[in-house]
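Below: the structure, in C-alpha coordinates.
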Amino acid sequence: MGHVIALDVGGTGMKAALIAADGSLLHRARRATGREHGPDAVVEGILDFAADLRAHGAAHLGEKAAAAGIAVPGIIDEERGVAAYSANLGWRDVPLRDLLAERLGVPVALGHDVRAGGLAEGRIGAGRGTDRFLFVPLGTGIAGAIGIDGRVEAGAHGLAGEIGHIVVRPGGPPCPCGQRGCLERFASAAAVGRAWARACGDPRADAADCARAVESGDTRARAVWQEAVDALADGLVTALTLLDPRTLIIGGGLAEAGETLFAPLREAVRRRITFQKPPSIVPAALGDTAGCLGAGLLAWDLLTTSTTPRR
(Lines give C-alpha, C1' and ligand atoms only; values in the text may rest on other atoms or scores of the structure.)
Protein backbone atom coordinates (compact mmCIF):
# COMPACT_ATOMS: atom_id res chain seq x y z
CA MET A 1 0.00 0.00 0.00
CA GLY A 2 2.63 2.50 -1.07
CA HIS A 3 0.41 5.06 -2.78
CA VAL A 4 -3.09 5.80 -4.09
CA ILE A 5 -4.45 7.67 -7.11
CA ALA A 6 -6.38 10.88 -6.39
CA LEU A 7 -8.48 12.77 -8.95
CA ASP A 8 -10.34 16.06 -8.51
CA VAL A 9 -12.60 16.72 -11.50
CA GLY A 10 -13.72 20.29 -12.12
CA GLY A 11 -15.83 21.99 -14.73
CA THR A 12 -12.84 22.88 -16.90
CA GLY A 13 -9.83 21.06 -15.46
CA MET A 14 -8.78 17.93 -13.59
CA LYS A 15 -6.16 17.87 -10.84
CA ALA A 16 -4.56 14.55 -9.95
CA ALA A 17 -1.88 13.13 -7.71
CA LEU A 18 -0.27 9.98 -6.44
CA ILE A 19 -0.42 10.22 -2.66
CA ALA A 20 1.52 8.28 -0.03
CA ALA A 21 0.01 7.05 3.24
CA ASP A 22 1.45 10.04 5.13
CA GLY A 23 -0.30 12.45 2.74
CA SER A 24 2.80 13.44 0.78
CA LEU A 25 2.36 14.12 -2.92
CA LEU A 26 4.56 11.75 -4.93
CA HIS A 27 3.42 12.99 -8.33
CA ARG A 28 1.06 15.73 -9.55
CA ALA A 29 -0.60 16.28 -12.92
CA ARG A 30 -3.33 18.35 -14.56
CA ARG A 31 -5.46 17.95 -17.66
CA ALA A 32 -8.43 19.67 -19.25
CA THR A 33 -11.79 18.11 -18.44
CA GLY A 34 -12.86 18.39 -22.08
CA ARG A 35 -16.51 19.10 -21.35
CA GLU A 36 -16.85 20.83 -24.73
CA HIS A 37 -16.70 17.35 -26.29
CA GLY A 38 -19.70 16.05 -24.34
CA PRO A 39 -20.28 13.96 -21.19
CA ASP A 40 -19.12 10.66 -22.69
CA ALA A 41 -15.80 12.22 -23.65
CA VAL A 42 -15.41 13.59 -20.12
CA VAL A 43 -15.87 10.13 -18.63
CA GLU A 44 -13.41 8.58 -21.07
CA GLY A 45 -10.91 11.33 -20.32
CA ILE A 46 -11.17 10.58 -16.59
CA LEU A 47 -10.60 6.88 -17.19
CA ASP A 48 -7.61 7.52 -19.45
CA PHE A 49 -6.09 9.98 -16.97
CA ALA A 50 -6.45 7.47 -14.13
CA ALA A 51 -4.88 4.71 -16.22
CA ASP A 52 -1.93 6.96 -17.07
CA LEU A 53 -1.47 7.74 -13.37
CA ARG A 54 -1.45 4.02 -12.56
CA ALA A 55 1.19 3.46 -15.25
CA HIS A 56 3.29 6.34 -13.92
CA GLY A 57 3.25 4.84 -10.43
CA ALA A 58 4.28 1.44 -11.72
CA ALA A 59 7.10 2.89 -13.82
CA HIS A 60 8.48 5.52 -11.44
CA LEU A 61 7.51 4.34 -7.95
CA GLY A 62 8.04 0.62 -8.47
CA GLU A 63 4.47 -0.45 -7.77
CA LYS A 64 0.90 0.11 -8.86
CA ALA A 65 -1.54 2.16 -6.81
CA ALA A 66 -3.39 0.28 -4.08
CA ALA A 67 -6.64 2.23 -4.53
CA ALA A 68 -8.10 5.33 -6.14
CA GLY A 69 -10.30 8.21 -5.03
CA ILE A 70 -12.18 10.62 -7.25
CA ALA A 71 -14.02 13.80 -6.32
CA VAL A 72 -16.55 15.26 -8.75
CA PRO A 73 -19.06 18.14 -8.70
CA GLY A 74 -22.83 17.88 -8.74
CA ILE A 75 -25.10 15.36 -7.06
CA ILE A 76 -23.32 12.21 -5.92
CA ASP A 77 -24.75 8.89 -4.73
CA GLU A 78 -21.77 7.78 -2.69
CA GLU A 79 -23.43 4.56 -1.56
CA ARG A 80 -23.88 3.30 -5.13
CA GLY A 81 -20.79 5.06 -6.47
CA VAL A 82 -22.82 6.98 -9.05
CA ALA A 83 -22.32 10.53 -10.30
CA ALA A 84 -26.04 11.27 -10.46
CA TYR A 85 -26.04 14.74 -12.01
CA SER A 86 -23.72 17.58 -12.93
CA ALA A 87 -24.94 20.62 -14.82
CA ASN A 88 -21.38 21.69 -15.61
CA LEU A 89 -20.31 18.32 -17.02
CA GLY A 90 -23.62 17.34 -18.57
CA TRP A 91 -23.80 13.83 -17.16
CA ARG A 92 -26.54 11.84 -15.45
CA ASP A 93 -26.31 8.56 -13.53
CA VAL A 94 -22.72 7.72 -14.45
CA PRO A 95 -21.49 4.61 -12.53
CA LEU A 96 -18.11 6.23 -12.16
CA ARG A 97 -16.83 4.13 -9.27
CA ASP A 98 -17.41 0.84 -11.10
CA LEU A 99 -16.04 2.18 -14.38
CA LEU A 100 -12.81 3.27 -12.69
CA ALA A 101 -12.51 0.06 -10.66
CA GLU A 102 -12.84 -1.97 -13.85
CA ARG A 103 -10.22 0.13 -15.67
CA LEU A 104 -7.73 0.20 -12.78
CA GLY A 105 -8.33 -3.14 -11.07
CA VAL A 106 -8.27 -1.57 -7.59
CA PRO A 107 -10.88 -0.36 -5.06
CA VAL A 108 -12.28 3.08 -5.87
CA ALA A 109 -13.96 5.71 -3.67
CA LEU A 110 -16.26 8.33 -5.21
CA GLY A 111 -16.94 11.60 -3.40
CA HIS A 112 -18.30 15.10 -3.81
CA ASP A 113 -15.67 17.71 -4.63
CA VAL A 114 -16.54 20.15 -1.83
CA ARG A 115 -16.98 17.42 0.77
CA ALA A 116 -13.65 15.93 -0.28
CA GLY A 117 -12.03 19.34 0.10
CA GLY A 118 -13.65 19.68 3.51
CA LEU A 119 -12.38 16.26 4.53
CA ALA A 120 -8.83 17.31 3.68
CA GLU A 121 -9.13 20.68 5.43
CA GLY A 122 -10.56 18.96 8.50
CA ARG A 123 -7.95 16.24 8.79
CA ILE A 124 -4.75 17.86 7.55
CA GLY A 125 -5.60 21.52 6.91
CA ALA A 126 -7.11 24.44 8.81
CA GLY A 127 -9.49 22.24 10.81
CA ARG A 128 -6.92 19.70 11.96
CA GLY A 129 -7.72 18.61 15.50
CA THR A 130 -11.20 20.20 15.43
CA ASP A 131 -14.12 17.92 16.28
CA ARG A 132 -16.81 20.01 14.53
CA PHE A 133 -16.24 22.35 11.60
CA LEU A 134 -17.98 23.84 8.60
CA PHE A 135 -15.92 24.32 5.43
CA VAL A 136 -17.31 26.97 3.07
CA PRO A 137 -15.51 27.66 -0.24
CA LEU A 138 -16.51 30.93 -1.91
CA GLY A 139 -16.00 30.41 -5.63
CA THR A 140 -18.27 30.48 -8.66
CA GLY A 141 -20.96 29.36 -6.22
CA ILE A 142 -21.01 28.59 -2.52
CA ALA A 143 -21.18 25.11 -1.01
CA GLY A 144 -20.32 23.65 2.36
CA ALA A 145 -18.92 20.57 4.05
CA ILE A 146 -20.02 19.61 7.55
CA GLY A 147 -17.16 17.96 9.45
CA ILE A 148 -17.84 15.69 12.41
CA ASP A 149 -15.06 13.80 14.20
CA GLY A 150 -12.84 13.28 11.17
CA ARG A 151 -15.56 12.57 8.62
CA VAL A 152 -17.82 14.72 6.46
CA GLU A 153 -21.60 14.38 6.64
CA ALA A 154 -23.23 13.73 3.26
CA GLY A 155 -26.84 13.77 4.46
CA ALA A 156 -29.63 11.31 3.76
CA HIS A 157 -29.64 12.10 0.04
CA GLY A 158 -26.10 13.39 -0.52
CA LEU A 159 -27.20 17.03 -0.34
CA ALA A 160 -25.94 18.14 3.07
CA GLY A 161 -24.03 21.41 3.31
CA GLU A 162 -25.61 23.37 0.46
CA ILE A 163 -25.28 26.62 2.37
CA GLY A 164 -25.17 28.63 -0.87
CA HIS A 165 -28.89 28.01 -1.27
CA ILE A 166 -29.94 29.40 2.08
CA VAL A 167 -32.25 32.31 1.23
CA VAL A 168 -30.72 35.40 2.81
CA ARG A 169 -32.62 38.06 0.83
CA PRO A 170 -36.24 36.91 0.27
CA GLY A 171 -37.54 38.06 -3.09
CA GLY A 172 -34.02 38.80 -4.29
CA PRO A 173 -32.41 37.83 -7.61
CA PRO A 174 -33.43 34.45 -9.05
CA CYS A 175 -31.07 31.55 -8.53
CA PRO A 176 -30.63 28.60 -10.94
CA CYS A 177 -31.82 26.35 -8.10
CA GLY A 178 -35.33 27.84 -8.49
CA GLN A 179 -35.36 30.06 -5.41
CA ARG A 180 -34.83 33.80 -5.11
CA GLY A 181 -32.30 35.59 -2.90
CA CYS A 182 -29.92 32.69 -2.31
CA LEU A 183 -26.65 33.37 -0.50
CA GLU A 184 -24.47 32.56 -3.49
CA ARG A 185 -26.19 35.27 -5.55
CA PHE A 186 -24.62 37.83 -3.17
CA ALA A 187 -21.49 36.43 -1.55
CA SER A 188 -19.78 34.11 -4.04
CA ALA A 189 -16.67 35.31 -5.83
CA ALA A 190 -18.69 35.33 -9.04
CA ALA A 191 -21.45 37.46 -7.48
CA VAL A 192 -18.97 39.99 -6.08
CA GLY A 193 -17.27 40.16 -9.48
CA ARG A 194 -20.57 40.84 -11.23
CA ALA A 195 -21.57 43.51 -8.71
CA TRP A 196 -18.22 45.27 -8.94
CA ALA A 197 -18.24 45.14 -12.75
CA ARG A 198 -21.60 46.94 -12.70
CA ALA A 199 -20.44 49.47 -10.10
CA CYS A 200 -17.17 50.39 -11.78
CA GLY A 201 -18.36 50.09 -15.38
CA ASP A 202 -15.69 47.58 -16.41
CA PRO A 203 -17.25 44.30 -17.63
CA ARG A 204 -13.88 42.54 -17.18
CA ALA A 205 -13.61 43.36 -13.47
CA ASP A 206 -13.73 40.49 -10.99
CA ALA A 207 -13.80 39.89 -7.24
CA ALA A 208 -10.03 40.23 -6.91
CA ASP A 209 -10.26 43.66 -8.54
CA CYS A 210 -12.99 44.60 -6.06
CA ALA A 211 -10.82 43.50 -3.10
CA ARG A 212 -7.93 45.64 -4.35
CA ALA A 213 -10.26 48.60 -4.76
CA VAL A 214 -11.53 48.10 -1.20
CA GLU A 215 -7.94 48.14 0.07
CA SER A 216 -7.29 51.38 -1.83
CA GLY A 217 -10.30 53.04 -0.19
CA ASP A 218 -12.76 53.10 -3.12
CA THR A 219 -16.18 53.84 -1.62
CA ARG A 220 -18.06 52.04 -4.40
CA ALA A 221 -16.01 48.90 -3.83
CA ARG A 222 -16.54 49.12 -0.09
CA ALA A 223 -20.30 49.20 -0.62
CA VAL A 224 -20.20 46.15 -2.90
CA TRP A 225 -17.90 44.32 -0.48
CA GLN A 226 -20.01 45.12 2.58
CA GLU A 227 -23.17 43.86 0.87
CA ALA A 228 -21.41 40.54 0.24
CA VAL A 229 -20.00 40.34 3.78
CA ASP A 230 -23.41 41.05 5.32
CA ALA A 231 -25.10 38.39 3.20
CA LEU A 232 -22.37 35.89 4.03
CA ALA A 233 -22.64 36.63 7.74
CA ASP A 234 -26.41 36.07 7.60
CA GLY A 235 -25.93 32.71 5.93
CA LEU A 236 -23.15 31.64 8.27
CA VAL A 237 -25.12 32.53 11.40
CA THR A 238 -28.02 30.44 10.14
CA ALA A 239 -25.61 27.55 9.60
CA LEU A 240 -23.91 27.85 12.96
CA THR A 241 -27.30 28.06 14.69
CA LEU A 242 -28.20 24.70 13.17
CA LEU A 243 -24.80 22.98 13.35
CA ASP A 244 -22.91 24.61 16.25
CA PRO A 245 -19.46 24.16 14.65
CA ARG A 246 -16.33 24.94 16.61
CA THR A 247 -14.57 26.31 13.51
CA LEU A 248 -15.72 27.96 10.29
CA ILE A 249 -13.16 27.41 7.53
CA ILE A 250 -13.57 29.83 4.64
CA GLY A 251 -11.89 29.01 1.33
CA GLY A 252 -12.24 29.63 -2.38
CA GLY A 253 -11.28 32.63 -4.46
CA LEU A 254 -12.88 35.25 -2.23
CA ALA A 255 -10.87 34.06 0.79
CA GLU A 256 -7.67 35.00 -1.05
CA ALA A 257 -8.46 38.60 -0.05
CA GLY A 258 -7.22 37.66 3.44
CA GLU A 259 -8.06 40.11 6.23
CA THR A 260 -9.88 42.34 3.75
CA LEU A 261 -12.54 39.64 3.98
CA PHE A 262 -11.93 38.07 7.38
CA ALA A 263 -11.79 41.21 9.54
CA PRO A 264 -15.23 42.56 8.52
CA LEU A 265 -16.69 39.05 8.34
CA ARG A 266 -15.71 38.19 11.90
CA GLU A 267 -17.20 41.47 13.07
CA ALA A 268 -20.42 40.95 11.09
CA VAL A 269 -20.88 37.45 12.53
CA ARG A 270 -20.11 38.72 16.05
CA ARG A 271 -22.83 41.39 15.75
CA ARG A 272 -25.42 38.80 14.70
CA ILE A 273 -24.77 36.23 17.41
CA THR A 274 -27.09 36.19 20.41
CA PHE A 275 -27.15 32.87 22.28
CA GLN A 276 -24.86 31.01 19.85
CA LYS A 277 -21.28 30.22 20.75
CA PRO A 278 -18.94 32.17 18.44
CA PRO A 279 -16.82 29.86 16.29
CA SER A 280 -13.28 30.49 15.15
CA ILE A 281 -13.38 31.87 11.59
CA VAL A 282 -10.20 30.92 9.75
CA PRO A 283 -8.94 30.77 6.16
CA ALA A 284 -8.58 27.42 4.44
CA ALA A 285 -5.02 26.12 4.38
CA LEU A 286 -4.82 23.79 1.38
CA GLY A 287 -5.86 26.04 -1.51
CA ASP A 288 -6.82 24.34 -4.76
CA THR A 289 -5.17 21.07 -3.70
CA ALA A 290 -7.87 20.37 -1.09
CA GLY A 291 -10.17 18.38 -3.39
CA CYS A 292 -7.35 16.23 -4.69
CA LEU A 293 -5.98 15.56 -1.21
CA GLY A 294 -9.49 14.72 -0.04
CA ALA A 295 -9.92 12.22 -2.86
CA GLY A 296 -6.67 10.62 -1.73
CA LEU A 297 -7.93 10.42 1.85
CA LEU A 298 -11.10 8.69 0.61
CA ALA A 299 -8.94 6.14 -1.18
CA TRP A 300 -6.79 5.50 1.90
CA ASP A 301 -9.94 5.15 4.00
CA LEU A 302 -10.99 2.26 1.74
CA LEU A 303 -7.79 0.45 2.60
CA THR A 304 -7.95 1.05 6.33
CA THR A 305 -11.59 0.09 7.00
CA SER A 306 -12.37 -3.37 8.27
CA THR A 307 -15.02 -4.01 5.63
CA THR A 308 -14.30 -5.26 2.14
CA PRO A 309 -14.29 -2.32 -0.29
CA ARG A 310 -17.06 -2.29 -2.86
CA ARG A 311 -16.00 -2.60 -6.48
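Computed from heavy atoms alone, side chains included, the values below leave out hydrogens, waters and symmetry copies.
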- Message: Listing request: all salt bridge (Lys or Arg N to Asp or Glu O under 4.0 Å) pairs with a residue in residues 187-203, at least two apart in sequence or in separate chains.
- Response: D202-R204

- Give the C-alpha distance, both sets of side-chain angles, the deciding distance and a yes or no for side chain to side chain contact (heavy atoms under 4.5 Å, CB included) between V269 and I273. CA-CA 6 Å; V269 170; I273 286 176; 3.9 Å; yes

- Return yes when atom CZ of R151 has more than 12 non-hydrogen atoms of other residues, nucleotides or ligands closer than 6.0 Å, and no otherwise. yes

Name the atoms and distances for all side-chain donor-acceptor pairs under 3.5 Å in residues 173-181, with sequence neighbours left out.
from	atom 1	to	atom 2	distance (Å)
Q179	NE2	H165	O	3.0
R180	NE	G172	O	3.0
R180	NH2	G172	O	3.4

- Where is the tightest heavy-atom contact between A189 and L254, given as atom of each residue plus distance? CA-CD1, 4.0 Å

Give the table of side-chain donor-acceptor pairs shorter than 3.5 Å for residues 4-25, with sequence neighbours excluded, one pair per line with atom names and distance.
from	atom 1	to	atom 2	distance (Å)
D22	OD1	S24	N	3.0
D22	OD1	S24	OG	2.7

- Query: Taking C-beta and beyond as the side chain, do F186 and I142 meet within less than 4.5 Å on heavy atoms?
  - Reply: no

Give every donor-acceptor pair under 3.5 Å between a side-chain atom in residues 236-243 and any protein atom, sequence neighbours left out.
from	atom 1	to	atom 2	distance (Å)
T238	OG1	D234	O	3.1
T241	OG1	V237	O	2.6
T241	OG1	Q276	NE2	2.9

- Do W225 and L261 come within less than 4.5 Å of each other through their side chains, counting heavy atoms only? yes

- Query: Considering only heavy atoms from C-beta outward, does the side chain of R212 approach that of D209 to under 4.5 Å?
  - Reply: yes

- Item | Step-by-step side chain to side chain contact (heavy atoms under 4.5 Å, CB included) determination, R54 to V106 | CA-CA 10 Å; R54 179 190 59 182; V106 297; over 6 Å; no

- Distance in Å, T130 OG1 paired with I148 CD1, rounded so as to fall on 0.5 Å steps: 13.5 Å

- Please tell me if the side chains of R115 and F135 come closer than 4.5 Å, counting only heavy atoms from C-beta onward. no

- Quick one: ring pair (Phe, Tyr, Trp, His ring centres under 6.0 Å) partners of H37, sequence neighbours excluded? none

With a cut-off of 3.5 Å and sequence neighbours excluded, list every side-chain donor-acceptor pair involving residues 38-51.
from	atom 1	to	atom 2	distance (Å)
E44	OE2	R103	NH2	2.8
D48	OD1	R103	NH1	3.0

- Message: When you compare the side chain of R220 with that of C200, does any pair of heavy atoms fall below 4.5 Å?
- Response: yes

- So, E121 side chain and A285 main chain: donor-acceptor pair closer than 3.5 Å or not? yes

